[in-house]
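As structure tokens, the structure follows; a few thoughts come after it.
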Amino acid sequence: MQIPSKYDASKVESKWYDYWMNNNYFHSKPDEREPYTIVIPPPNVTGVLHMGHMLNNTIQDVLIRRARLLGKNACWVPGTDHASIATEAKVVAKLKEQGIDKNDLTRDEFLSHAWDWTHEYGGVILEQLKKLGCSCDWDRTKFTMDDDMSEAVIKVFVDLHQKGLIYRGYRMVNWDPEAQTTLSDEEVIHEERTDKLYYVKYQIEDENEYVTIATTRPETILGDTAICINPNDERFTNLKGKKVIVPLCNRTIPIIEDDYVDIEFGTGCLKVTPAHDVNDKEIGDRHNLEVIDVLNADGSMNSFGLHHEGKDRVVARKDVSKELESLGLLVKTESITHNVGTSERTKAVIEPRLSDQWFLKMEDLVKPAIEAVLGENADIKLFPKKFENTYRHWMENIRDWNISRQLLWGQQIPAYFYGDGKEDFVVAENVEKAIELAKERTGKSNLKAADLKQDTDALDTWFSSWLWPMSVFDGILNPENEEIKYYYPTNDLVTGPDILFFWVARMIIAGYEYKGEKPFKNVYLTGLVRDKQRRKMSKSLGNSPDALKLIEDYSADGVRVGLLLSSAAGNDLMFDEALCQQGKAFGNKIWNAFNLTNLWEINYNIKQPNSSKIALDWYEAKFNTTLVEIEDHFSKYRLSDALMAIYKLIYDDFCGWLLEIVKPAYQQPIDAKTYNKVMSIFEDNLKILHPFMPFLTEDIWQYIAERTPEEALIVAKWPEVKPINKVIISQFDFASEVISGIRNVRKEKNIAFKDAIGFFVINNEKSDAAFDDVISKLGNLDTIEYITEPVEGAMTFRVKSNEYFIPMEGAIDVEAEIKKLTEELNYTEGFLKSVQKKLSNERFVAGAPEQVVNSEKKKEADALAKIETLKASLASLD
RNA sequence: GGGCGCAUAGCUCAGUUGGUUCAGAGCACUUGGUUUACACCCAAGGGGUCGGGGGUUCGAAUCCCUCUGCGCCCACCA
């Protein structure tokens with residue numbers, strides 16, 4: 001048949017992707033087969049494909065395609081996440097470019113812009129996944145803000161509220177002044193920073209004495225409502241019960257005593273600002289202190305900032321310190337290294353801020369989730385296992401989850417206020433139900449929708465994505481539907497360890513709460529993709545390659561192989577384009593192997609050469625050995641090792657050895673029996689490689705034979721393991737050493753391969769002659785003759801105790817031969833000595849297992865035999 | 001501050017219960033090669049006191065202690 005001499009990946013890849021789509025192979029519906037399900041970690045709806053996604057989704061596709069080949073009902077559900085804070089930030093920025101201020105828009109107007117944006121960019125990343133070859137069931141594509149998905153979120157909120165697990169509280173929360181929203185504890189990243197520690201004097205009321213405090217935030221002095229000392233601090237007994245005057249605003253505040261104060265730190269005096277520090281808030285609560293908030297929502301000073309009003313807190317800090325200095329109240333400044341909370345998304349420094357927020361009580365919810373991963377009969381396995389510790393630590397120290405966000409893009413909190421009081425609200429799925437509830441609560445039967453004001457906050461994105469494995473199958477709204485019963489729990493979850501808490505842990509929590517069952521059986525945590533210098537790949541560094549450009553340059557198959565070649569689970573992946581090149585070269589190698597078989601002329605009348613027959617038997621044994629190895633790797637999620645095993649099988653064993661052995665001489669035909677067997681082996685190779693290189697393998701598969709759509713490789717049957725002939729493998733290994741020996745002699749003596757040579761063997765090992773025809777072919781030997789006496793005037797080499805002779809035309813360098821033999825003899829004698837030393841150690845013979853002792857005895861015997869051979873050779877040269 | 005993990009060839013990493021295939025793989029490197037599938041190729045080869053030190057054992061890359069150097073997660077001390 002006519003095939004292109006070069007493999008054109010870009011054409012081939014789109015062709016087969018279309019073919020798979022048109023034949024609906026990615027689509028799954030419940031049937032009698034065993035399901036194999038993966039839900040995609042939904043990428044941000046407005047995101048673009050980066051290397052992390054490439055790795056992640058390649059792994060998922062490998063797992064899905066393998067499951068499909070194993071005959072399971074493979075279902076990979078794709079989708080995107082509305083990513084409330086990230087998307088809202090992007091929309092706000094875009095509006096700003098157009099001169100529109102978010103605050104000038106109504107809620108509906110803003111949301112309409114956000115939806116426009118979503119519709120414009122929303123599908124991009126999913127299209128990119130198709131280029132990578134991902135075999136997702138696109139008919140099932142979900143978005144976390146689809147109507148039914150949102151409905152599920154609201155239903156869960158109402159339910160948790162009814163259970164008393166969701167509550168509203170006035171608490172110190174993490175405030176992002178840039179996004180102007182609260183964040184959960186998980187969204188706060190602690191960064192080490194060096195700042196100034198300011199020492200400031202406060203005058204004691206009615207005295208000309210001062211106390212000095214240390215603070216990193218002088219601008220909050222204006223919010224001070226007490227000075228605190230440790231009651232046991234003997235230095236300050238004179239201060240007890242006195243008052244001090246707050247600098248700048250000249251308010252009088254008390255000196256209080258609390259054990260919290262560390263006598264050793266700073267001056268031992270602490271300024272207490274309950275509005276701007278979690279600890280100060282607690283002290284304030286204990287001592288009934290006033291709370292003075294000096295900041296606006298955007299981090300600028302409010303009217304309590306007096307003449308600093310309107311300045312950003314950072315600017316105000318400097319200005320206040322200058323002012324203090326000019327007043328002679330700034331004693332000194334020091335450098336201090338401490339940790340500062342920053343926003344995961346906006347990088348802004350977090351302000352502790354008091355406000356009314358919604359919280360989810362976690363204490364009881366986490367219990368089944370802890371048991372599921374860490375219990376005695378753990379239902380969920382993490383790969384690699386080391387993350388179980390991290391998981392445990394987080395789960396056991398969990399605090400209530402702040403789920404409200406002061407954002408518009410997301411599910412709006414279904415709480416409806418009927419009055420101005422903090423408790424004057426009802427929680428319901430919709431306004432109609434809310435009115436009913438509000439009527440009951442207030443006794444006012446004339447309440448209308450217009451009388452109710454819905455809470456303006458939206459829910460944390462993760463409060464929707466934690467339902468993902470259930471809600472994509474409509475498992476929340478219709479818990480008894482056929483799909484959720486069939487596909488849930490899913491099998492494997494593949495994601496990065498950075499969202500272990502954000503997402504993975506919470507899905508487990510939600511799964512047990514709403515299905516009473518785990519959401520997935522195994523969690524495969526990939527590493528971060530880094531560049532060659534170990535730097536994290538990021539847009540700002542510009543070290544992240546363009547994913548689509550890579551696919552263009554190296555083919556999707558090549559990139560997939562490149563990514564997987566060095567990515568053990570949980571280890572960071574040092575990405576190097578050279579690996580993609582290796583992937584592409586591998587594809588080329590296989591294509592050329594196919595090209596070779598395609599060039600052969602088949603003859604039905606010639607007999608199968610013995611060398612071909614034995615080589616095919618050997619390959620079958622080798623293939624099955626590898627197959628067993630691959631199964632083991634897959635069971636441990638060692639995809640990199642599985643791929644490497646296949647790589648070596650195809651590259652070395654199939655192309656390097658088998659094809660070379662069965663390849664007919666120039667312009668000679670091949671016998672039909674060999675040809676058919678080679679092609680059937682080729683097909684088996686394609687099957688096991690298909691999950692990794694889906695396009696190339698499908699392409700060759702379809703060239704090998706006419707196939708109906710039902711016979712496509714993507715839905716072929718994974719090979720079954722057959723019994724392995726171990727003897728033939730060791731015979732081959734021996735033969736390959738002999739061939740190596742021949743090649744070495746040829747190289748040393750500069751004998752071209754086309755010149756056939758004579759070959760003689762003293763078979764001390766009594767090795768089987770099964771592979772002699774193979775040795776003869778690959779060594780280009782005239783004959784192999786078995787002899788008992790050394791050949792004179794020949795190059796020699798040894799494998800074990802066998803000696804091989806290749807007669808030379810010219811003179812042999814006897815000196816060099818003697819030297820070579822002597823070196824070999826010395827080495828073997830040294831080896832023998834060490835083995836014998838071990839064997840003469842009574843404690844070794846008594847203590848070691850029998851098979852270990854036997855193996856040492858075998859080594860001894862082999863060495864003795866070899867020494868004999870070497871000595872005989874040396875004697876014959878003298 | 002608390003916890004977890006890592007250190008094996010130039011690079012990226014395997015090495016499961018201490019002995020059986022214990023010092024390995026891929027890449028890179030060196031040398032040679034226009035044999036009629038493939039130079040995106042073939043053949044051959046060099047290269048490691050298994051981070052340092054100590055211990056347990058007949059036997060340690062593997063178990064224990066210690067030191068050094070990295071990485072990650074968690075954390076409200078100004």
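Residue numbers begin at 1 in each chain, while the letters A, B, ... track the order of the sequences. Computed over heavy atoms, backbone and side chain alike; hydrogens, waters and symmetry mates excluded.
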- Message: Taking the minimum atom-to-atom distance to the side chain of Lys6(A), which one of C76(B), C40(B), G5(B) wins?
- Response: C40(B)
- Task: State whether a side-chain donor-acceptor pair under 3.5 Å links Trp394(A) with Glu186(A).
- Result: yes
- Counting only non-hydrogen atoms, which of residues 649-657 of chain A are less than 4.0 Å from RNA chain B? Tyr651(A), Cys655(A)
- Scan Lys589(A) against the nucleic acid and name what it touches under 4.0 Å (heavy atoms): base, sugar-phosphate only, or nothing. base
- Message: Regarding A25(B), can its base be found pairing with the side chain of Asp641(A) as donor and acceptor, where the two atoms are less than 3.5 Å apart?
- Response: no
- Message: Wobble G-U and Watson-Crick pairs count when both distances are under 3.5 Å; given that, what is the 5' to 3' dot-bracket string of RNA chain B, with | for pairing to other strands?
- Response: (((((((..((((.....[....)))).(((((.......))))).....(((((..]....))))))))))))....
- Query: With Asp277(A), which residues qualify under side chain to side chain donor-acceptor pair (under 3.5 Å), at least two apart?
  - Reply: none
- Task: Tell whether Lys584(A) reaches the base of C40(B) with its side chain through a donor-acceptor pair below 3.5 angstrom.
- Result: no
- Query: Under 4.0 angstrom, heavy atoms only, what part of the nucleic acid is Phe594(A) near: base, sugar-phosphate, or nothing?
  - Reply: nothing
- For Tyr7(A), check ring-ring contact (aromatic ring centres under 6.0 Å, His included) against everything at least two apart and list the hits. Trp591(A)
- Counting heavy atoms not belonging to Phe753(A), are there more than 12 under 6.0 Å from its CZ? yes
- Return the value, rounded to whole Å, for the distance between atom CZ of Arg638(A) and atom C1' of C13(B). 12 Å
- If you check every side-chain atom of Asn389(A), which of C4(B), C27(B), C58(B) has the closest atom? C4(B)
- Message: According to side chain to side chain donor-acceptor pair (under 3.5 Å), does anything in residues 261-273 of chain A pair up with another residue at least two apart or in another chain? List the pairs.
- Response: Thr220(A)-Lys271(A), Asp224(A)-Lys271(A), Asp224(A)-Thr273(A), Lys271(A)-Thr273(A)
- Message: Can you pull out the residues from residues 260-275 of chain A that lie within a 4.0 Å heavy-atom distance of RNA chain B?
- Response: Tyr260(A), Val261(A), Asp262(A), Phe265(A), Leu270(A)
- Query: Quick one: do Lys859(A) and Glu856(A) make a salt bridge, cutoff under 4.0 Å?
  - Reply: yes
- Task: Pick base, sugar-phosphate or nothing for Lys636(A), based on heavy-atom distances below 4.0 Å to the nucleic acid.
- Result: base
- Message: Classify Phe501(A) by what it touches in the nucleic acid, base, sugar-phosphate, or nothing, heavy-atom distance under 4.0 Å.
- Response: sugar-phosphate
- Side chain of Asn279(A), base of C76(B): donor and acceptor closer than 3.5 Å? yes
- Message: Ignoring hydrogens and geometry beyond distance, is the side chain of Glu660(A) in donor-acceptor contact with the base of A37(B) at under 3.5 Å?
- Response: yes
- Message: Heavy atoms from C-beta onward define the side chain here; which of G32(B), A78(B), A37(B) lies closest to that of Thr215(A)?
- Response: A78(B)
- 5' priority, RNA chain B, between Ala214(A) and Met574(A) [closest heavy atom]: Met574(A)
- Query: With a 4.0 Å cut-off on heavy atoms, is Lys281(A) in touch with a base, just the backbone sugar-phosphate, or nothing at all?
  - Reply: nothing
- To the side chain of Thr216(A), which of A44(B), C41(B), A78(B) is closest? A78(B)
